[in-house]
Participant: 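One structure follows; several queries about it will come next.
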2 protein chains.
Amino acid sequence: MSVVDGLFDRASDFFRGLQGDICAALARVDGRSQFGEDAWTREGGGGGVARVLEGGAVLEKGGVNWSRVEGELSPEFAKQLPGDGTSFRATGVSLVLHPRSPRVPTTHANFRCLEKGGKVWFGGGADLTPFYLERDDAAAFHRAFAEACDRHRPLGDYDRFKAWCDEYFFLPHRGETRGVGGIFFDYLGAPAHEPEDVFAFVRDVGAAFVRAYVPIVERRRDEAYGDAERRWQLQRRGRYVEFNLLYDRGTTFGLKTGGRIESILMSLPPEVRWDYDVQAAPGSREAELIAVLKAPVDWLGRNG
Amino acid sequence: MSVVDGLFDRASDFFRGLQGDICAALARVDGRSQFGEDAWTREGGGGGVARVLEGGAVLEKGGVNWSRVEGELSPEFAKQLPGDGTSFRATGVSLVLHPRSPRVPTTHANFRCLEKGGKVWFGGGADLTPFYLERDDAAAFHRAFAEACDRHRPLGDYDRFKAWCDEYFFLPHRGETRGVGGIFFDYLGAPAHEPEDVFAFVRDVGAAFVRAYVPIVERRRDEAYGDAERRWQLQRRGRYVEFNLLYDRGTTFGLKTGGRIESILMSLPPEVRWDYDVQAAPGSREAELIAVLKAPVDWLGRNG
């Protein structure tokens, strides 16, 4: 028996529970709509539960997916991952929330555990995509995850995971990050780290999500906005689609290896616009956001 | 002097003229809006003219782009194309039209000429993406291009180009073609064909576009529709975005090699929806469309 024995199963159970906790917290803050539940099975082995809320008071569309799958990778793809052989198991929770109001940021989080050839590793992260910059919101979101990271030093390396997030959620053709970032990490496991320690870290950052995001929703949900702000939101959602379909490895990997389409693409926004050559007026609130997307900010001022 | 001397220049001039002809015909059928004009230059050499119409009576958004660029390809990419060396020139016209009414199909066309290492070749095509199936429209669209092909046999091989179109405009993750097809061809040049003959063929199919598409617009533009049809249109436009960002080689190549972003992405629809797990009701007009996308039709019945 290896030290990771049972870890995958416990991780899977934790992610399933986290899905429920997050959906409950979001339904409470939404106040109007509940998450539906769609169980699905995967032909190659395993399955999942897609939970989707549409037409909420706060959430125009939100999806929180849990899955636990197993199967065989192509030899070519298997070589790119840790562990021997081609058999793998993967479990995780993944969410994208598209609020109705342009005053409330979009967010994404994902926590996952993979097992292959006796190796177990974790990956995940969370990031915030506002339509209008609120520096306090960005800093608070980062702080919630930095605190969870700090409790697990040196494993929980906020500075590294913050930089990794800015690098990952980047649209090269626009020269912009997707939003104001957060944290992103992958391949955390042996030999660099004790897998049990990584699991403890992932539990902690997973639990931090509701604490990081829900207060921002509560602070912004009743702020007024008009048609011009809504239009800007829909145009910015276009960037979200561009990132997910052009660059997001999770999305393209899922689509190209027979994942469940509706669970993968529930990340896409409900309503989106592409208008020709949209430019933010100099000095505007829109331009203020773009400036930050073009030059990521050290929100917590810990590296100044 | 090679036989292709001057061909690239003449092709470029033809495409520039075709852009003007198409825009004039579309502005006439729209009746309310005109195409704007944005000239742009490319850092690596050359440039183009983007012509965009937004907010028309018939066209919610339409873009007709002409370009003529030159530069150096990466050695890796250069190997995948005909002709020696890494220097290339490319010129062409490319259009996508997104009508406001779900009763009027979306369409795309592109005609291009490439030159590399003394080789010149042409590619292009046109395809129709209806939201509701009208068999007469699909057949008429195909017929216009089949007639142009037939005038240039054996080079103008409609059956081959029709099959190529169905194969190219296919979304593997949905198991659907993008629409009811049309024609698609590439790498038409020496030694299989006399380049001048190919140019004559491309002129003919290019000129066929207005004849193929405008009568459909005129036939459908005044048909009534309601919110449910509009919603279906926006959802189907989501598939258009999925194809363009996930699979279209022109789009991904352009974005990844420093093309002009706004000219490349002017193909994306103005307004789009992604709703969770949309299913067409059995026996509905929506289901009728999907059936044809899952099993391409021989519209002209020439191979029965």
Side-chain angles (χ1 to χ4, degrees), chain A residues 35-38 40 50-55 60-65 96 98 171-176 230-231 234-235 237-248 251-279, chain B residues 35-38 40 50-55 60-65 96 98 171-176 230-231 234-235 237-248 251-279:
Chain A
F35 282 84
E37 190 168 313
D38 248 4
W40 52 273
R51 299 202 58 186
V52 177
L53 182 159
E54 291 179 301
E60 192 173 336
K61 179 180 177 187
V64 185
N65 192 47
V96 176
H98 294 288
L171 288 78
H173 66 289
R174 300 288 189 179
E176 294 174 0
R230 172 69 177 175
R231 192 177 179 99
L234 300 186
Q235 292 164 341
R237 283 177 175 176
R239 300 289 206 271
Y240 212 86
V241 175
E242 290 174 23
F243 180 81
N244 284 19
L245 297 184
L246 287 168
Y247 302 110
D248 187 54
T251 301
T252 52
F253 173 72
L255 292 180
K256 287 167 188 182
T257 57
R260 180 176 180 258
I261 304 309
E262 288 299 327
S263 295
I264 297 165
L265 296 184
M266 76 187 189
S267 67
L268 299 179
E271 192 180 340
V272 187
R273 287 196 66 87
W274 277 274
D275 296 297
Y276 178 68
D277 206 15
V278 174
Q279 301 289 346
Chain B
F35 282 84
E37 190 167 314
D38 249 5
W40 51 274
R51 299 203 58 186
V52 178
L53 181 158
E54 290 179 301
E60 192 173 335
K61 180 180 177 186
V64 185
N65 193 47
V96 176
H98 294 288
L171 289 77
H173 67 288
R174 300 288 188 180
E176 295 174 358
R230 173 68 177 174
R231 192 176 180 99
L234 300 187
Q235 292 163 340
R237 283 177 175 176
R239 300 289 205 273
Y240 213 85
V241 174
E242 290 174 24
F243 180 82
N244 283 18
L245 297 185
L246 286 168
Y247 302 111
D248 187 54
T251 302
T252 52
F253 172 72
L255 292 180
K256 287 167 188 183
T257 57
R260 180 176 181 260
I261 305 307
E262 288 299 328
S263 295
I264 297 165
L265 295 184
M266 76 188 189
S267 67
L268 298 179
E271 192 181 341
V272 187
R273 288 197 66 86
W274 278 274
D275 296 297
Y276 178 68
D277 205 16
V278 174
Q279 301 289 346

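Just so it is clear: chains get the letters A, B, ... in the order the sequence lines come, proteins before strands, and each one is counted from 1. Predicted model, so just to flag it, every value in this text is computed and none were measured. Keep in mind that the numbers below use all heavy atoms, side chains included, and drop hydrogens, waters and symmetry copies.
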Participant: Under 4.5 Å from any heavy atom of chain B, what part of A:Tyr247 do you find: side chain, backbone, both or neither?
Facilitator: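 Just its side chain gets close to chain B.
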
Participant: For B:Arg174, is it the side chain, the backbone, both or neither that has a heavy atom under 4.5 Å from a heavy atom of chain A?
Facilitator: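 Contact with chain A: side chain only.
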
Participant: Between B:Glu54 and chain A, with a heavy-atom cut-off of 4.5 Å, which part of the residue counts as in contact: side chain, backbone, both or neither?
Facilitator: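 It is the side chain, since no backbone atom gets that close.
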
Participant: Using non-hydrogen atoms only, which part of B:Arg260 is less than 4.5 Å away from chain A: side chain, backbone, both, or neither?
Facilitator: side chain

Participant: Please look at B:Pro172 and chain A and tell me whether the side chain, the backbone, both or neither of the residue comes under 4.5 angstrom of a heavy atom of that chain.
Facilitator: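 No part of B:Pro172 comes within 4.5 Å of chain A.
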
Participant: Side chain, backbone, both or neither: which part of B:Ile261 has a non-hydrogen atom closer than 4.5 Å to chain A?
Facilitator: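 Contact with chain A involves the side chain of B:Ile261 alone.
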
Participant: Give, as side chain, backbone, both or neither, the part of B:Val52 having an atom under 4.5 angstrom from any heavy atom of chain A.
Facilitator: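 Only the side chain of B:Val52 comes within 4.5 Å of chain A.
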
Participant: Could you pull out the closest heavy-atom pair between B:Ala50 and B:Asn65, with the gap in Å?
Facilitator: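 Heavy-atom minimum between the residues: CA-OD1, 3.3 Å.
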
Participant: With sequence neighbours excluded, tell me which residues meet ring-ring contact (aromatic ring centres under 6.0 Å, His included) with A:Phe35.
Facilitator: none

Participant: Enter the distance from A:Glu242:CD to A:Trp274:CH2 here, rounded to the nearest 0.5 Å.
Facilitator: 6.5 Å

Participant: Determine the minimum heavy-atom distance between A:Trp40 and A:Ser263, stating which atoms define it.
Facilitator: NE1-OG, 3.4 Å

Participant: Between B:Leu265 and B:Thr251, is any pair of side-chain heavy atoms under 4.5 Å apart?
Facilitator: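 Result yes, sub-4.5 Å side-chain heavy-atom pair found.
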
Participant: Which atoms of B:Gln235 are under 4.5 Å from chain A, going by heavy atoms: the side chain, the backbone, both sets, or neither?
Facilitator: neither

Participant: Kindly determine whether B:Arg273 and B:Val278 satisfy side chain to side chain contact (heavy atoms under 4.5 Å, CB included), including the steps that lead there.
Facilitator: CA-CA 11 Å; B:Arg273 288 197 66 86; B:Val278 174; over 6 Å; no

